Amino acid sequence: MKYNQYAYVKTDYKTQVEELLQIKFLPSAYQKLSFGALLAELTANTVAVIAPDAKSARNAKLAEFAVSDSERLSDFLDTAPEKIDCSQFYNVALQLLGYHVGYDYQLSEPLKFMQKQGLPYVKNIGDKKHLIQAFYRLLNTRAKNGQLLIDVMAGEGYFYNRRNQFAKNKFLFFNGKSMPIFDTSKVIREVVYVESDLDTDGDGKSDLLQTTIFRPIESENLPVPALYTASPYFGGMIDNEQRNHNVDENLSDATEWTNPQYQAAPVVKAKKPLADSKESYKPVEQAVGKSSYGLNEYMLARGFASVSAGAIGTRGSDGLRITGAPEETESAKEIIEWLHGDRIAYTDRSRQHETKATWCNKKIGMTGRSYLGTLQIAIATTGVAGLKTVISEAAISSWYDYYREHGLVIAPEDCQGEDLDMLAETCQSNLWDAGDYLKIKPKFDEMQKVLLKKADRKTGQYSDFWEKRNYRHHTENIKCSWISVHGLNDWNVKPKNVYKIWQKVKNLPIQQHLFLHQGPHYNMNNLVSIDFTDLMNLWLVHELLGIENNAYEQWPTVLVQDNLKADKWHDEDDWSNSIGTETVYFPTDNNELTKDANGMQKVSFTDLGGTEFKKAKISENDWQYQFICGNPKWTKASLRYTTDEFIHPVTIVGRPEIRMRVSSSLNKGQISVALVEMGDRKRLTATPKILMPGEQELGFHFKVDSLQEFMPDRLTHAKLITKAHMNLQNYQDMKKPAKIKAGDFYDLQFELQPTYYTMPVGSKLCLIIYSTDQGMTKRPLEKTVYTVDLAKTAIKFSLK
């Protein structure tokens, strides 16, 4: 498995020396030392568990290392060497990186192992200059646990042991990244209450928004940036899974749609902060727990404050959850306004004493995954002052694309029956406090009815209610830099959410990047195959501290993880159909999928909704795997068309599009399509496998994380590439339903979820046309016969 590294900034020798001196790694008198003495000093410095003034202990430690299969490092140094060959040096280097002789690699072949792991090395170490260069590169090399060696050393006490040698209240940078020199044992943990302009609970007073801050003690004398995570889950989650909506029901006539309208909540303007006053009271409430996101904790040790807020309706805050509504965006944005100095906040709920974020340098970045990433998109589209960058992972860009698709009610994966109202209940954590429960519960119940009615689970159609929950309409307001991260196998927040906003963001006059990994609804900060955390360190240092470190040019605009080899990443300038060549395939009368349009038949299948599925008593995921693999029990309710085996690899990119002519035996219907890779082989695990649990220290005696990666797993028969669903009644207009007649044919044309998928040699591509998707669509109780006219059916996609 290669340890790919994108965050290493190429640095000239003069700068390397300066930086090594700044971090107290290179002795100030290095020029006077012999080669052997310098080698001993630098090696000993790398063993961070030994204090720098414990000379005897450090010298004894050198005896634990070997330079070859016949010589220890200490014995080698006793010869007063004037050079060290590459193999000898990297035998020592691999041991410093955490690899074990005889288990991970052999002392006779260190360079072969370096190449296998994708680890960089300096070929010539014949003098002190090259020795210094080799150590500089080594400190910036990923160790066995996935972290840079300098970060491993920090976790073992390197900076702590030298804390008196560094300037107080000052950042320390190495290779463009911030170092963990901030005292994590004295983190300031405080709570403030930001006053909103909203009155979502209708009590005549502006809502107060509880905001939790974790910041370095050094921020009392050094303004620091804030990493803000808007997390509706931060106050806790209410378990309502057993009350999800029933999906075992017949489809309705979609023309019963009434186009529900959005209605704004009341506004009660907050007081203005006292701009001319420098008086700021200290918060009186101490935060408990931890920040809500791992990247924030990593950067906290490096001088970046971590700010979390759930906003309206969450525990400690006033108001109601109104999932996806403009009020939700507004309340989350108001935290940034306070951090930037543009909004008032109080030390407690009495609203008597104003407190200011005097510790903040007024530069804010946002982090977080899923709902947390979604609110980053929402806030960025307001153009709020102070927001400099977003790192948005697995985020929703339109709530319709989360809970609906092409005129149908569609569930996120593993969340059948969930909807806006259920998610609002999950996050309405201020109901946990009895006093708030008495005040809020009647108004919450009323809001739940409104959300359920206007979300319109009956027809699944687009409306003004959903329009107000589409952030993509406001991308022209985005002023901050942009990083999107998404899983190509995310069937919770489906890839269309990131794809469609990327098509807009990429054309804005801002810096933007996109990462696409092989996971489902997952983050990627601790994968073996990419140094994502280091890249974000580099990025945040540039965006929030203004340090020129080549962050804008350091890695490609788009990075895509390969689906065959997890340690391979593809460099792209874009993610769209345009990066491939358009190709059209047609289903034939003999169940083949070819480039020749020779299908002439009208073929039918009978959909039984969820009847057989409920009898089988299996999970939705088990059903899907059996279905795509071709289990006859499930495939009889579908049509399947398969290509010949591919004789060379091809990659499907962007959004496939299908057109078909279809009829239903009823005056309603839903059509689903899927593209599947067929073939027996060991595929990557669905989620990353934890390789080294708890081995990544985020700071000295602070928090830990685990190294993980997607790995080749058990033999499987098929893999879902992409799919989509459509209401037959939207054949004329995706945003407006029309009447249809039983038995009449209608032309459908719609896009599947976007992908970037390589078909290996020997695999086959299968197009499946079906109706009920047990894990996502409604599961009708009535039998429906669908007929497809093959002469008017084709699927189009781009291939690389």
Side-chain angles (χ1 to χ4, degrees), residues 2 4 6 484-491 494-500 502-503 506 513-520 524 527 529-530 555-586 593-595 628 641-658 673-686 709-713 716-724 751-768 794-800:
K2 289 186 177 180
N4 294 313
Y6 290 92
S484 280
V485 179
H486 215 95
L488 287 164
N489 294 290
D490 190 343
W491 294 102
K494 301 170 190 69
K496 176 166 66 171
N497 279 280
V498 69
Y499 182 86
K500 293 185 78 171
W502 175 254
Q503 305 313 311
K506 70 184 183 182
H513 286 280
L514 172 63
F515 294 88
L516 298 171
H517 60 80
Q518 282 300 320
M524 55 173 282
L527 296 181
S529 61
I530 190 168
W555 72 95
T557 302
V558 180
L559 274 173
V560 188
Q561 189 176 27
D562 190 75
N563 60 284
L564 302 179
K565 297 180 179 180
D567 59 6
K568 180 179 180 180
W569 287 77
H570 300 274
D571 299 359
E572 297 286 0
D573 295 326
D574 193 12
W575 182 37
S576 67
N577 289 27
S578 63
I579 66 174
T581 301
E582 183 178 293
T583 307
V584 181
Y585 275 80
F586 303 89
L593 190 63
T594 72
K595 294 182 180 180
I628 66 173
Y641 301 93
T642 308
T643 66
D644 290 334
E645 290 185 355
F646 285 90
I647 60 175
H648 56 81
V650 295
T651 302
I652 304 171
V653 296
R655 294 195 71 182
E657 181 179 75
I658 191 161
V673 294
L675 278 178
V676 175
E677 180 222 323
M678 305 296 298
D680 291 353
R681 64 182 180 88
K682 287 188 175 181
R683 294 175 171 87
L684 300 178
T685 48
E709 189 53 86
F710 303 95
M711 304 291 287
D713 196 17
T716 55
H717 306 302
K719 174 73 169 66
L720 175 67
I721 301 173
T722 183
K723 60 181 175 179
E751 292 178 300
L752 283 68
Q753 293 289 332
T755 190
Y756 189 112
Y757 193 91
T758 299
M759 299 288 295
V761 173
S763 65
K764 296 180 179 181
L765 182 65
C766 181
L767 168 66
I768 307 176
I795 186 161
K796 176 177 66 176
F797 43 78
S798 291
L799 293 178
K800 285 192 68 176

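Owing to the predicted nature of the structure, the values given are computational and were not obtained by experimental measurement.
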Q) Which heavy atom of Gly487 sits nearest a heavy atom of Pro495, and at what distance? A) O-CG, 4.0 Å
Tabulate below the donor-acceptor pairs under 3.5 Å that side-chain atoms of residues 641-654 make, not counting sequence neighbours, or state none.
from	atom 1	to	atom 2	distance (Å)
Thr643	OG1	Leu765	N	2.9
Thr651	OG1	Thr758	OG1	2.8

Q: May I ask you to decide if Leu514's main-chain N or O and Ser484's side chain share a donor-acceptor pair within less than 3.5 Å?
A: no
Q: Output, in order, the C-alpha distance, side-chain angles, deciding distance and verdict of salt bridge (charged side-chain N to carboxylate O under 4.0 Å, His left out) for Glu751 and Lys500.
A: CA-CA 12 Å; Glu751 292 178 300; Lys500 293 185 78 171; over 6 Å; no
Q: Please name the pair of heavy atoms, one in Pro520 and one in Ala686, separated by the smallest distance, quoted to 0.1 Å.
A: CD-O, 3.1 Å
Q: For residues Arg683 and Glu677, determine if any side-chain heavy atom of one lies less than 4.5 Å from a side-chain heavy atom of the other.
A: yes
Q.
Is it the case that the side chain of Asn4 and the backbone of Asp567 share a donor-acceptor pair, with hydrogens and angles ignored and the cut-off at 3.5 Å?
A. yes
Q. Between Lys2 and Lys565, does a side-chain contact (heavy atoms from CB on, under 4.5 Å) hold up when you go through it step by step?
A. CA-CA 10 Å; Lys2 289 186 177 180; Lys565 297 180 179 180; over 6 Å; no
Q) Could you state the interatomic distance from OG (Ser798) to CD (Glu657), rounded to the nearest 0.5 Å? A) 10.5 Å
(Q) Within the supplied structure, the quantity of interest is the number of heavy atoms (other residues, nucleotides, ligands) at a distance under 6.0 Å from Asp713 CG; does it exceed 12? (A) yes
Q | Gln503 versus Ser576, closest heavy-atom pair with distance | A | OE1-CB, 3.8 Å
**Q.** Ser529 versus Glu709, side-chain donor and acceptor atoms under 3.5 Å
**A.** yes
Q.
I need the single residue from Thr685, Asn563, Asn489 that forms a side-chain hydrogen bond (donor to acceptor under 3.5 Å, both in side chains) with Gln518. Which is it?
A. Asn489
(Q) When you compare the side chain of Glu572 with that of Pro556, does any pair of heavy atoms fall below 4.5 Å? (A) no
(Q) Return the NE2 to CD1 distance between His570 and Ile579, rounded to the nearest 0.5 Å. (A) 10.0 Å
Q.
If I compare all heavy atoms of Leu767 with all of Ile658, which pair ends up nearest, and what's the gap?
A. CD1-CD1, 4.1 Å
Q: State the NZ-NE2 distance between Lys494 and His486, to the nearest 0.5 angstrom.
A: 9.5 Å
Q: Would you mind reporting whether Leu720 and Trp491 have side-chain heavy atoms less than 4.5 Å apart?
A: yes
Q: Rounded to the nearest 0.5 Å, what's the gap from CE on Met678 to NE2 on His717? Could you check?
A: 9.0 Å
(Q) Checking Asn577 against Lys796: is there a side-chain donor and acceptor pair closer than 3.5 Å? (A) no
Q) Given the rule in the side-chain contact (heavy atoms from CB on, under 4.5 Å) test, do Phe797 and Leu752 qualify, once you have shown the distances and angles that lead to the verdict? A) CA-CA 10 Å; Phe797 43 78; Leu752 283 68; over 6 Å; no
Q: Could you walk me through whether Tyr585 and Lys595 pass side-chain contact (heavy atoms from CB on, under 4.5 Å), step by step?
A: CA-CA 5 Å; Tyr585 275 80; Lys595 294 182 180 180; 3.3 Å; yes
Q.
Please report the interatomic distance CH2(Trp555) to CD1(Ile530), rounded to the nearest 0.5 Å.
A. 9.0 Å
Q) Do the non-hydrogen side-chain atoms of His517 and Trp569 ever get within less than 4.5 Å of each other? A) yes
Q.
Just so I know, are the side chains of Tyr756 and Leu488 near enough to count as touching, which here means a heavy-atom distance under 4.5 Å?
A. yes
(Q) When you measure from the side chain of Trp502 to the backbone of Asn497, do you find a donor-acceptor pair of N or O atoms at a distance under 3.5 Å? (A) no
Q) Say you draw a straight line from CG of Leu675 to OG1 of Thr755; how long is it, rounded to the nearest 0.5 Å? A) 8.5 Å
Q.
Would you say that Arg681 contacts Leu564 through its side chain, given a criterion of any heavy-atom pair below 4.5 Å between the two side chains?
A. yes
Q: Could you walk me through whether Lys506 and Trp575 pass the side-chain contact (heavy atoms from CB on, under 4.5 Å) test, one step at a time?
A: CA-CA 10 Å; Lys506 70 184 183 182; Trp575 182 37; over 6 Å; no
